[in-house]
Number of protein chains: 2
Amino acid sequence: MSTARRERITISDIAAQLGISKASVSYALNGRPGVSAATRARVLHLADELGFHASSAAVALSASRTGTIGVVIARDPAVITAEAFYMRTLFGVEQYLNEADGQLLLRLTGERGEDLDVYRRWTRQGRVDGFLLYDEHDDDPRVPLLTALGMPAVMVTSVALDDGIGRLVTPEAQTVQVMLDHLHSLGHREILHLSGPLVYAHERVRMQTMASEGAARGLQVAHVEGTYEFASGAEATSALLRRRPSTAPTAIVAGNDIMATAAVSTATDLGLRVPTDLSVIAWDDSVLCQVARPHLTAMDHGLMGKARLATDLLFDLIAGGTQVHRASSVGTLIVRGTTGPPRR
Amino acid sequence: MSTARRERITISDIAAQLGISKASVSYALNGRPGVSAATRARVLHLADELGFHASSAAVALSASRTGTIGVVIARDPAVITAEAFYMRTLFGVEQYLNEADGQLLLRLTGERGEDLDVYRRWTRQGRVDGFLLYDEHDDDPRVPLLTALGMPAVMVTSVALDDGIGRLVTPEAQTVQVMLDHLHSLGHREILHLSGPLVYAHERVRMQTMASEGAARGLQVAHVEGTYEFASGAEATSALLRRRPSTAPTAIVAGNDIMATAAVSTATDLGLRVPTDLSVIAWDDSVLCQVARPHLTAMDHGLMGKARLATDLLFDLIAGGTQVHRASSVGTLIVRGTTGPPRR
DNA sequence: CTGAAAGCGCTTACAG
DNA sequence: CTGAAAGCGCTTACAG
């Protein structure tokens, strides 16, 4: 009856109805000083009654604040849709955003650097206040790019570099210790580390840590670089098993759930028993691990919690925070059916 | 050297450097008439050289256009991270957006109606130009809400209602025909349809279609409502197998990959052989289907392509298009190791 | 505590 | 074809 033609309700409407200035409405709405408690209450009440929500464009334009963070994932669809990693991570981010009333702008690009253009464009267009970064590469071009653009960013990574961007650092050393201690106590002495692609910084860290921690325990740790794909896990496993029954590894630590599942499948197909003839640990737990037979022993890294931590750090930096490093806590080893004493 | 203090490059900068008006720059940039070819070329060249990207806030505020679509997923994290459905769907959407230079605002909420608030808020805030809708319920409250808000929307569904919102309609009848023909030709006469929750409109359609198409082929089709979860598939399967060897179904059509995998696992655990003693089809193909043993026979619905179609329809409606219904094409049955002739 | 006014960076009729 | 100007809906010093 009142606002027939005009679709949108603005602070001008509220100001007019209350007989005060737009400025007062703005101050009241944003919880800033400059209005009396009584005026503030009247504004908030009317805004609620009218279902008022400030135009994000107007806020962004005048206050240079979008309330939006960006996530750009540059990975092959075939791999990414197979792993649960990103979906869990996104859920963690969203849990935080639901509470903090933030928004997520998401972009899935190919692996050939198209992502750099998205960071640049979104920044110039003023679409986001900051970025959450995953899958760090060595000399990752995103770090200098975002630094140059002056855009807050948090890398979820295993490397605690001091390059100015925010970093949520995974304690890979502790993760490796948990897995190696488990295998060591079962009696394994020779282990194969089937990693993901070494272009990823965290895979390099894991490889080095597996080697050093293995040596510290008197373990032989061999390494093979995989692709995260099923075929890659199958191939590495059959190659390993062809060396039997010499001094081949009795256990495989696989870089993701897919390759771990492949290892179990392949061993079983070749007539071996898991875990008696071969033990397998998956670096990341997932439904796949719970559904495969036998169920896979795997690390639960609390991915949703990690994502929340990362998002919290990012909002902190956006708000002007200066503490750029934060550490996530070590995960839990879920012992299921694919690890046991080796026969030998 | 020139723009030291001022971070952002604006059309005013371009206009100044070229000695023309802001309006001309705007026309040139947006490919609209009102500038000579020569001027347009100079503008575009300089904009490119300066790495100019228009402020999305300013465009949104003045032109009421964000270039952003919203997707709000109201599902339990445990289920959603297990299925590949949404990740594939998001990839399809993103493929389209990468080409059309559109953006995606994503929100994952709980299942208790919090999503309605997000639709309302994003609309009032002017954050998006339209919504992509999934998981239609009977009398879905989102339809009247978005209609009232005057917001373009496309529901990806199995129901071709004429309620004004856009609909990309899955041909469930054809899908059912493909699966039933396969089972029928193998010799199955009694089939169990283990559906997902019937609160979803597409599950109701599937149930009705399974019944009618089954009857048309002289098949007995029983129905059990599942939850999409592993436990649900396991339970339904063991209940079915307890009825053996009477006139129990010899095949299960399961509503998603998780329940299908559960059916195979459970049957195997109970000492039955798949597919000899029990055949299983998964309604949606996934890595899980390819990794499980035996590999699962499943429908490939071309989810990424469907998502692209839906996004295309949405942008069409946003641009003023009036054709609200579009049909997606039927998927392909991938015959693997879980379907074969029944023993009987 | 309150109001008038400038400004954010675009788009879009409207005159020339 | 081109320019001057108003307007989108907020925020934010700046006076009172």
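These numbers come from the heavy atoms of this one structure, side chains and all, not from hydrogens, waters or symmetry mates. Chain letters run A, B, ... following the sequence lines, proteins first, then strands; residues in each count from 1.
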Fit a plane to each ring of B/Trp122 and B/Phe131, take the angle between them on a 0 to 90° scale, and name the class: parallel (under 30°), tilted (30 to 60°) or perpendicular (over 60°).
-> parallel
How long is the line joining CG of B/Leu61 and P of D/dC8, in whole Å?
-> 9 Å
Atom pair distance, as rounded to whole Å: CD1 in A/Ile20 and C1' in C/dA4 | 14 Å
B/Thr10-B/Lys22 side chain donor-acceptor pair, cut-off 3.5 Å | no
Chi angles and distances behind the side chain to side chain contact (heavy atoms under 4.5 Å, CB included) call for B/Leu105, B/Arg127 | CA-CA 8 Å; B/Leu105 207 56; B/Arg127 289 197 187 271; 3.9 Å; yes
Within this structure, what is the CZ-to-C1' distance between A/Arg8 and D/dG7, rounded to whole angstrom?
-> 14 Å
Under-4.0 Å side-chain N/O to phosphate OP1/OP2 contact, B/Thr10 with C/dC8 = no
Checking all strands, does A/Thr39 fall into the base, sugar-phosphate, or nothing category for heavy-atom contacts under 4.0 angstrom?
-> sugar-phosphate
Mind checking whether B/Arg8 and A/Arg124 have side chains closer than 4.5 Å, heavy atoms only?
-> no
Look at B/Ser24 and D/dT2 and indicate whether a side-chain polar atom (N or O) is within less than 4.0 Å of OP1 or OP2.
-> no
Check: protein-nucleotides 11-13 of chain C nitrogen or oxygen pairs below 3.5 Å:
| residue | atom | partner | partner atom | Å |
| --- | --- | --- | --- | --- |
| C/dT11 | OP1 | B/Asn30 | ND2 | 3.0 |
| C/dT11 | OP2 | B/Ser26 | OG | 2.4 |
| C/dT11 | OP2 | B/Asn30 | ND2 | 3.4 |
| C/dT11 | O4' | B/Ser62 | OG | 3.0 |
| C/dT12 | OP2 | B/Arg32 | NH1 | 3.2 |
| C/dT12 | OP2 | B/Arg32 | NH2 | 2.7 |
| C/dA13 | N7 | B/Tyr27 | OH | 3.4 |
| C/dA13 | N6 | B/Tyr27 | OH | 3.1 |

Could you give the CD1-to-C1' distance, from A/Ile9 to D/dC10, as a whole number of Å?
-> 15 Å
Closest heavy-atom pair and its distance - A/Leu161, A/Arg167 | O-CD, 3.3 Å
Work out which heavy atom in B/Val35 is nearest to a heavy atom in B/Tyr27; give both atom names and the distance.
-> CG1-CB, 4.3 Å
For D/dC14, the nucleotide meeting Watson-Crick or G-U wobble distances (both under 3.5 Å) is C/dG3
Could you state the atom-to-atom distance from CZ of B/Arg124 to C1' of D/dC10 in whole Å?
-> 18 Å
